[in-house]
Protein chains: 2
Amino acid sequence: MTIKDIARMAGVSRATVSKILNNYTDVSEKTRRKVLQIVEETGYQPAFSAQTLSAKRTNLIGVIYAGNINADLTHPFFVEVVNAFKKQIGELGYDLLFFSNEKFRNSQENYLARCQYFRLDGCIIINGMDIETAITELDQSDLPCIGVDIQLTGKKSGFIMTDNRKASAIVVEHFYLAGYRSIAYISGQRDCDIGNARKEGYIQALNQFGISVREEWIQYGDYREQSGYEAMKHLLKQRPYPRAVYTASDLMAFGAIRAIKEAGLSVPDDVAVIGFDDIHACQYSDPTLTTIRQNKEKIGKLAAFMLFDLIKNQVQSSNVMVEPELVIRQSCGGRVE
Amino acid sequence: MTIKDIARMAGVSRATVSKILNNYTDVSEKTRRKVLQIVEETGYQPAFSAQTLSAKRTNLIGVIYAGNINADLTHPFFVEVVNAFKKQIGELGYDLLFFSNEKFRNSQENYLARCQYFRLDGCIIINGMDIETAITELDQSDLPCIGVDIQLTGKKSGFIMTDNRKASAIVVEHFYLAGYRSIAYISGQRDCDIGNARKEGYIQALNQFGISVREEWIQYGDYREQSGYEAMKHLLKQRPYPRAVYTASDLMAFGAIRAIKEAGLSVPDDVAVIGFDDIHACQYSDPTLTTIRQNKEKIGKLAAFMLFDLIKNQVQSSNVMVEPELVIRQSCGGRVE
DNA sequence: CTGAAAGCGCTTACAG
DNA sequence: CTGAAAGCGCTTACAG
């Protein structure tokens with residue numbers, strides 16, 4: 001069943017059928033009705049590949065998890081963002097193509113070439129560790145791209161992320177108002193942009209409150225539980241040890257809590273802890289974990305609209321910082337030192 | 001840059017270039033080298049739409065989250081399965097197309113038509129609640145389909161799921177060996193196939209051990225925390241109340257634990273609990289939760305191979321049950337009644 | 001081993 | 001308002 005069949009059945013030309021299907025206005029109401037009815041009856045659907053070959057757009061958006069040590073589908077933060085993105089971009093009429101990086105990785109990874117191969121209308125790039133240069137190439141091309149947690153700079157690119165400095169400021173302020181003055185920070189890897197933004201926010205906030213920054217109270221982990229555990233052990237060896245700890249991920253907070261308990265101390269009575277991410281387990285841990293929640297819904301939704309505007313040429317490259325929120329539970333205490 | 005350009009530059013015909021790119025063998029080594037070199041130099045890539053229009057296959061697999069109340073990308077179990085599936089099917093040379101259901105849903109949802117529109121090579125169908133008839137239509141078509149947690153019956157379809165009866169048998173046996181004789185079950189919705197399989201397994205296992213089944217010890221929830229809490233409150237009102245509880249999800253187990261604690265009782269000393277899913281929070285809850293872990297890796301990977309075989313016509317419709325595993329933590333106790 | 005030609009199923013100026 | 005025709009960029013018999 002092709003457009004030719006429909007044209008024949010309706011007694012019109014293929015061009016006319018095509019126009020009707022694409023909502024052109026210069027067609028008589030009578031012809032339109034007849035054709036539409038036949039389309040309805042037959043259940044005719046145009047073929048994607050023929051449409052794409054002939055027209056330019058595909059209404060297809062690529063989803064790229066960038067980085068060699070790459071966050072995959074299961075990443076708890078990004079999956080929520082991508083889900084919200086998918087919903088919104090779906091409303092706008094786009095489907096999603098997920099590149100399978102496997103084969104691809106073995107050869108030279110050329111994201112741009114793959115986008116061109118499928119003639120994607122745009123793509124969303126999820127940040128990972130150890131970003132490939134192929135991402136830069138894509139970014140600098142004229143394919144519309146939106147980065148999540150990664151700063152894209154191309155003329156047809158934009159990015160969106162949580163305001164990580166702000167998040168740290170909120171945490172430090174919360175600790176400060178609860179009376180804490182000795183506040184440590186367990187960061188992500190030293191070369192992680194996100195972790196560094198959080199660190200800078202932490203330092204800036206301490207300065208603002210006139211609290212001097214102690215280098216030995218800044219530890220580095222890898223966002224995982226074990227690294228938080230080890231970082232906390234280092235912190236506890238110091239005299240005095242910090243009475244409040246802010247970690248760049250919830251998992252590291254869980255690790256820190258484990259270390260604190262092992263030392264015979266209590267959370268939050270001896271050491272207060274605030275994490276980052278608000279993963280599901282925060283509600284069920286002992287104690288329940290105070291943490292920073294990123295507005296994943298909003299990030300995903302905004303990414304969809306920003307990409308759409310870029311595609312429709314309605315806008316220049318844009319970038320947005322989204323407000324974080326502190327979710328207060330048991331782990332952060334509230335006593336005066 | 002098209003195949004025409006490459007042909008011109010190499011001084012051969014388009015047909016020859018096409019053959020070389022598609023690994024035909026009836027081409028002289030010399031021509032092959034020359035063409036390949038030019039392809040390399042120019043970075044030429046064929047256009048997906050032209051290839052698809054002309055050939056039949058797309059190397060594209062559709063991912064469908066079925067059901068009106070539909071599990072989305074963020075579902076903790078399915079996301080792991082889909083991730084493993086993506087990796088394996090990627091190795092086999094396929095990319096993934098995620099249908100955006102939004103627009104689509106408003107009209108009559110026609111999965112089959114959409115698959116045909118994109119000329120997908122096959123698809124994977126993730127079970128949800130309240131499955132549409134459009135899924136049946138897809139299942140019965142001759143497009144290769146693999147269902148996860150959903151029994152497909154078409155001649156080109158297969159399915160894969162955890163052996164849910166077996167899982168229940170393992171749980172009941174574990175309780176039995178720990179000395180428990182009064183074992184309750186908190187199920188999913190009454191019309192949920194998965195929940196029912198687990199229920200039947202539970203009943204069968206009780207029978208096997210000569211323990212009589214008490215209808216009032218079977219409660220129904222909706223897999224969420226609150227429903228587990230309420231179901232447990234009902235169970236605790238009974239005299240005697242059960243000393244061991246098996247729930248069809250971890251979240252319901254957390255709800256049950258909350259109810260038990262609220263009643264001034266202890267887990268596992270007064271009531272032992274075993275959940276289902278092994279979500280991340282099980283490791284951090286108080287007490288940590290004993291639970292059934294499904295082999296998501298294996299399910300995803302098998303789904304990929306099964307679908308591949310179906311596509312390549314190497315196999316008839318197949319279906320597989322995957323072994324579950326009991327992960328023992330603190331909540332299940334181990335004392336004699 | 002190589003190429004001319006038809007065809008895949010659409011869309012888009014263009015002419016009427 | 002409608003249609004003939006060219007074209008999108010490939011692949012695939014088929015002939016040589």
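Throughout, a chain's letter reflects where its sequence line sits, starting with A, and its residues are numbered from 1. This one's a predicted model, so the numbers in the text were calculated from it and none came from an experiment.
Mapping B:T31 and B:A50 onto DNA chain C via the closest heavy atom, the residue that lands nearer the 5' end is B:T31. Between B:A55 and B:T16, it is B:T16 whose nearest contact on DNA chain C lies nearer the 5' terminus. Checking A:L53 against A:A15, the closest nucleotide of DNA chain D that is more toward the 5' end is the one next to A:A15.
At the phosphate of D:dC1, neither OP1 nor OP2 sits under 4.0 Å from any side-chain N or O atom of A:Y24. Listed pair A:S49 / C:dC8 fails the phosphate criterion, with no side-chain N or O lying under 4.0 Å from OP1 or OP2. Between A:Q51 and the phosphate of C:dT11, there is a side-chain N or O to OP1/OP2 separation shorter than 4.0 Å. Taking 4.0 angstrom as the limit, B:S18 places a side-chain polar atom (N or O) nearer than this to OP1 or OP2 of D:dT11. For A:S13, no side-chain nitrogen or oxygen approaches OP1 or OP2 of D:dA4 to under 4.0 Å. Look at A:T52 and you won't find any side-chain N or O under 4.0 angstrom from OP1 or OP2 of C:dC10. Of the side-chain N and O atoms in B:S28, one or more sit less than 4.0 angstrom from OP1 or OP2 of C:dT2.
For B:D26, counting side-chain heavy atoms from C-beta on, the closest listed nucleotide (D:dC10, C:dT2, C:dA13) is C:dT2.
A:L138 contributes atom CG, which lies 8.5 Å from atom CD of A:Q116 (distance to the nearest 0.5 angstrom).
Straight-line distance from the CZ atom of B:R33 to the C1' atom of C:dC1: 16 Å, rounded to whole Å. Per the geometry, CG belonging to A:N59 stands 12 Å off P belonging to C:dT11, to the nearest Å. Following rounding to the nearest Å, A:N23 (CG) and D:dC1 (P) show an atom-to-atom distance of 15 Å. Protein atom CD1 of B:I3 is 14 Å distant from nucleotide atom P of D:dC8, rounded to whole Å. As rounded to whole Å, 15 Å separates atom C1' of D:dG9 from atom CD of A:Q116. D:dT2 atom C1' lies 19 Å from atom CZ of A:R8, rounded to whole Å. Taking atom CE of A:M1 as the reference point, atom P of C:dC10 lies 11 Å away to the nearest angstrom. Whole-Å rounding puts the B:F48 CZ to C:dC8 C1' distance at 14 Å.
Because its NZ or CZ atom is not both nearer than 6.0 Å to the ring centre of B:F48 and within 45° of the ring axis, A:R119 does not count as a cation-pi partner of that residue.
No donor-acceptor pair closer than 3.5 Å links the side chain of B:D163 to the backbone N or O of B:V322. A donor-acceptor pair under 3.5 Å links the side-chain atoms of B:K155 to the main chain of B:Q140, judged by distance alone. In this structure a side-chain-to-backbone donor-acceptor pair under 3.5 Å is present from A:D121 to A:T58.
Using bins of under 30°, 30° to 60° and over 60° for the plane-to-plane angle, the ring pair B:H75/B:F77 lands in the perpendicular bin. Using cut-offs of 30° and 60° on the angle between ring planes, the pair B:F308 and B:Y94 is perpendicular.
Counting any heavy atom pair closer than 4.0 Å across all strands shown, A:R119 reaches sugar-phosphate atoms only and no base atom. Among the heavy atoms of the strands lying under 4.0 Å from A:Y44 are primed sugar atoms or P, OP1, OP2 only; no base atom is included. When heavy atoms are screened at a 4.0 angstrom cut-off, B:Y117 is found touching no nucleic acid atom at all.
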For this session: Please lay out, stage by stage, how A:T74 and B:N83 fare under the test side chain to side chain donor-acceptor pair (under 3.5 Å).
Result: CA-CA 7 Å; A:T74 65; B:N83 194 53; 4.5 Å; no
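In secondary-structure terms, DNA chain D builds stems of at least 3 consecutive Watson-Crick or G-U pairs, each pair having both distances under 3.5 Å, at C:1-3 with D:14-16, C:5-12 with D:5-12, C:14-16 with D:1-3.
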